[in-house]
Amino acid sequence: MNIKSATFVKGVVGTDEILEDGTPQIVFVGRSNVGKSSVINSLANQKKLARTSSFPGRTQEINIFLINKSVYLVDLPGYGFVKIPQKERERIQKMMQWYLFRSAYKLKKVVLIIDANVGPSSADLEMVRSLEEQENNIVVVVNKIDKIKKSEHEAKIQKIKATFGDRKIIFYSVEKKIGVTELTDEILK
Ligand SMILES: Nc1nc2c(ncn2[C@@H]2O[C@H](COP(=O)(O)OP(=O)(O)OP(=O)(O)O)[C@@H](O)[C@H]2O)c(=O)[nH]1
Ligand SMILES: [Mg+2]
């Protein structure tokens, strides 16, 4: 199946009825700057659907996109090294906790994105644990594989595979368009 249409629906900063309207949601989580917004753009085959930036902390709302008129892709702010004021950071953290762990509806699928070069962080592993406690289905996307040095390729990939065990892992590059079909199939199935 393909993504034939993708539109921005809205950005929300907290509770909103749109999050509970029954439309299946595929949520993109991960540290700041791993490429969550870029991956959404690559899936939709658009350059500016979701705003991206080399500055960590670009996404500060829950941004909702509708694909194929039937599924929401949900772009979340990143966790980790966010260079924004403390107060803002606390607001975002609260909103994420609410959205991921306390809001009423069931999530459909979570795409956890990590940076291939950096590898999984302790915050990523904590996120996996918390999400799986709630029986969310996680797909791990290892983005920016274009940036791994050839000499380090095998060791880094083996380490990531060992960390995530038998969870679904997709090696990805927005830059080189690697993994796009595989991830599209995974989220639309
Ligand atoms: N080389 C390379 N760069 C990438 C890739 N994907 C994203 N980037 C770059 O990484 C930076 C961050 O991308 P974003 O999509 O804004 O990251 P994000 O995870 O949404 O970041 P926050 O919204 O701050 O949490 C941008 O400069 C992108 O161009 C990739 O596959 N390869
Ligand atoms: Mg973003």
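Counting begins at 1 with the first residue of the sequence. Just so you know, ligand 1 is whichever comes first in the structure, and atom 1 is the first atom listed for that ligand.
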Heavy-atom nearest neighbour in the protein, as seen from atom 10 (O) of ligand 1, with distance rounded to 0.1 Å: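 Here the nearest protein heavy atom works out to K144 NZ, 3.0 Å.
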Looking only at protein heavy atoms, identify the closest one to atom 24 (O) of ligand 1 and say how far it is in Å.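 Here the nearest protein heavy atom works out to G57 N, 2.6 Å.
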Are any of the side-chain nitrogens in [X] or [Y] under 4.0 Å away from the carboxylate oxygens of its partner?
X	Y	answer
K10	D16	yes
K159	E152	no
R167	E132	yes
E186	K189	yes

Would you check whether [X] has a nitrogen or oxygen atom less than 3.5 angstrom from a nitrogen or oxygen atom of ligand 1?
X	result
R51	no
D75	no
V174	yes
S38	yes
S37	yes

More than 12 heavy atoms of other residues, nucleotides or ligands under 6.0 Å from CD of E17: yes or no?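 No, because the 6.0 Å sphere around CD of E17 holds 12 heavy atoms or fewer from other groups.
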Minimum distance, heavy atoms only, to [atom]: which one of [options] is it?
atom	options	value
atom 11 (C) of ligand 1	P77, S53, S32	S53
atom 27 (O) of ligand 1	G78, G179, S54	S54
atom 21 (O) of ligand 1	T59, N63, V29, N33	N33

One residue to check: [X]. Relative to ligand 1, which of side chain, backbone, both or neither has a non-hydrogen atom less than 4.0 Å away?
X	answer
N143	side chain
D146	side chain
K147	side chain

Report, in ascending order of atom number, the atoms of ligand 1 lying under 4.0 Å from any heavy atom of [X].
X	answer
K36	15 (O), 17 (O), 18 (P), 19 (O), 20 (O), 21 (O), 22 (P), 25 (O)
S173	31 (O)
V34	19 (O)

Salt bridge (Lys or Arg N to Asp or Glu O under 4.0 Å) for K87 and E90? Distances and angles first, verdict last. CA-CA 5 Å; K87 232 181 153 176; E90 279 168 13; over 6 Å; no
Hydrophobic clustering (ILVMFWY, side-chain heavy atoms < 4.5 Å, transitive) - are V74 and M96 grouped together?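 Yes, one cluster joins them.
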Indicate, with yes or no, if I138 and Y79 share a hydrophobic cluster defined by side-chain heavy-atom contacts under 4.5 Å among Ile, Leu, Val, Met, Phe, Trp and Tyr.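 Yes.
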Where do N117 and K156 land on the side-chain hydrogen bond (donor to acceptor under 3.5 Å, both in side chains) test, with the steps shown first? CA-CA 7 Å; N117 240 336; K156 287 199 166 164; 2.9 Å; yes
Could you walk me through whether Q25 and Y99 satisfy the side-chain hydrogen bond (donor to acceptor under 3.5 Å, both in side chains) test, starting with their C-alpha distance in whole Å, then the side-chain angles of each, then the deciding distance to 0.1 Å, before giving a yes or no? CA-CA 12 Å; Q25 301 185 21; Y99 172 69; 2.6 Å; yes
Taking both backbone and side chain into account, is any N, O or S atom of S37 nearer than 2.8 Å to the Mg ion (ligand 2)?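 A backbone or side-chain N, O or S atom of S37 is under 2.8 Å from the Mg ion (ligand 2).
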For the Mg ion (ligand 2), decide whether T59 has an N, O or S atom at a distance under 2.8 Å.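 An N, O or S atom of T59 is closer than 2.8 Å to the Mg ion (ligand 2), so yes.
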Can you spot which of D124, D115, I114 makes a side chain to side chain contact (heavy atoms under 4.5 Å, CB included) with R31?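 Considering D124, D115, I114, a side chain to side chain contact (heavy atoms under 4.5 Å, CB included) with R31 is found only for D124.
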